[in-house]
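One structure is given here, and the rest of the page talks about it.
Every chain is numbered from 1, with letters handed out A, B, ... down the list of sequences.
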Amino acid sequence: AQSVTQPDIHITVSEGASLELRCNYSYGATPYLFWYVQSPGQGLQLLLKYFSGDTLVQGIKGFEAEFKRSQSSFNLRKPSVHWSDAAEYFCAHAGAGSYQLTFGKGTKLSVIP
Amino acid sequence: DGGITQSPKYLFRKEGQNVTLSCEQNLNHDAMYWYRQDPGQGLRLIYYSQIVNDFQKGDIAEGYSVSREKKESFPLTVTSAQKNPTAFYLCASKSRDRQFGNQPQHFGDGTRLSIL
């Protein structure tokens, strides 16, 4: 069965520090991978997606993610975190031709001024 | 602007009562989804619909029902059979094209349902 693991439930970083959120997936073929962000009481907003080509993808709000097939990972990074980045982040994947997304359980990011 | 509208934002249910959550999209998307979100559990799929007049159960469909009579609308009914309905409910939609898998789902702002 497909699965997505986000090992970190909660991460706290200082404003201006770098950030890396981890995501591992379980799927035989190349998956379609997504990162979403959710502010409290809101829906999910797409940050970026990967489906082929360059393994380093750029997204909105200064985020990027790198697909590493050998590690079954799709980690999200940002070089310098802003206080407004405090939110919950979800990694998700879909198989080719799949109508469904499989979500990780999320990582909550707190930012210290 | 195109998007997904969920209403109401907050909803309260009495014991034994059915309630219906609304989801409307003007993105011209064929596929629509309902998720339930509980703290620490991520998003769990309740139902999804690939096309009008067709829908499939997701992972946690018990106690819920849906209809898809129009492309734009995918209402979710939380029935009295759902014993623990308090949660945040999210509706999403997705374009259905040749490379379907790489299309992201677009989300509404959610409805928070609570038991009185």
Side-chain angles (χ1 to χ4, degrees), chain A residues 1-10 21 23-25 27-54 57 59-60 65 67 74 87-108, chain B residues 3-10 23 25 27 29-51 54-61 87-114:
Chain A
Q2 300 174 17
S3 67
V4 176
T5 301
Q6 294 180 246
D8 304 304
I9 296 173
H10 190 186
L21 301 182
C23 173
N24 293 96
Y25 65 90
Y27 183 67
T30 300
Y32 297 115
L33 294 161
F34 308 85
W35 274 100
Y36 286 88
V37 61
Q38 184 183 33
S39 297
Q42 300 296 314
L44 275 67
Q45 181 183 21
L46 180 69
L47 286 175
L48 47 79
K49 67 178 183 180
Y50 169 81
F51 55 93
S52 68
D54 193 348
V57 294
I60 63 172
F67 171 62
F74 188 55
E88 191 156 19
Y89 292 80
F90 292 93
C91 180
H93 84 77
S98 172
Y99 288 90
Q100 297 188 41
L101 276 179
T102 300
F103 284 88
K105 293 188 175 183
T107 297
K108 184 176 180 180
Chain B
I4 299 175
T5 301
Q6 290 188 242
S7 61
K9 182 74 172 176
Y10 300 95
C23 178
Q25 55 99 0
L27 299 167
H29 287 170
D30 287 291
M32 296 187 74
Y33 305 80
W34 274 106
Y35 293 92
R36 171 179 171 139
Q37 187 176 25
D38 298 281
Q41 298 211 36
L43 277 71
R44 294 183 289 170
L45 183 64
I46 304 172
Y47 269 97
Y48 67 102
S49 168
Q50 300 173 24
I51 200 167
D54 184 60
F55 48 83
Q56 287 79 40
K57 293 182 179 180
D59 300 321
I60 55 166
F88 191 54
Y89 291 87
L90 287 161
C91 179
S93 69
K94 176 172 174 171
S95 172
R96 185 168 175 245
D97 68 5
R98 197 161 52 90
Q99 291 189 15
F100 186 79
N102 70 0
Q103 295 299 316
Q105 291 184 17
H106 298 259
F107 285 82
D109 284 337
T111 292
R112 185 165 299 281
L113 176 62
S114 302

TODO: Step by step, work out the side-chain contact (heavy atoms from CB on, under 4.5 Å) result for B:Leu43 and A:Leu101.
DONE: CA-CA 10 Å; B:Leu43 277 71; A:Leu101 276 179; over 6 Å; no

Open item on the list: Checking B:Gln105 against A:Tyr36 for the side-chain contact (heavy atoms from CB on, under 4.5 Å) test, could you report, in this order, the C-alpha distance in whole Å, the side-chain angles of both residues, the deciding distance, and whether it holds?
Closed with: CA-CA 10 Å; B:Gln105 291 184 17; A:Tyr36 286 88; 3.8 Å; yes

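Take B:Asp109 and apply the salt bridge (Lys or Arg N to Asp or Glu O under 4.0 Å) test, not counting sequence neighbours, and it matches no residue.
What you find for B:Leu90 and A:Gln42 is that their closest heavy atoms are CD2-O, 4.4 Å. Here the closest non-hydrogen pair linking A:Lys105 and B:Gly40 is CD-O, 3.6 Å.
Only the side chain of B:Gln37 comes within less than 4.5 Å of a heavy atom in chain A; its backbone stays farther off. The part of B:Gln41 that comes within reach of chain A is its backbone (N, CA, C, O), which places non-hydrogen atoms under 4.5 angstrom from that chain. For chain B, no part of A:Ile9 is nearby; none of its heavy atoms comes within less than 4.5 Å.
Around atom CD1 of A:Ile60, more than 12 heavy atoms belonging to other residues, nucleotides or ligands sit under 6.0 Å away.
The choice from A:Glu88, A:Gln38, A:Gln45 that makes the most heavy-atom pairs within less than 4.5 Å of chain B is A:Gln38.
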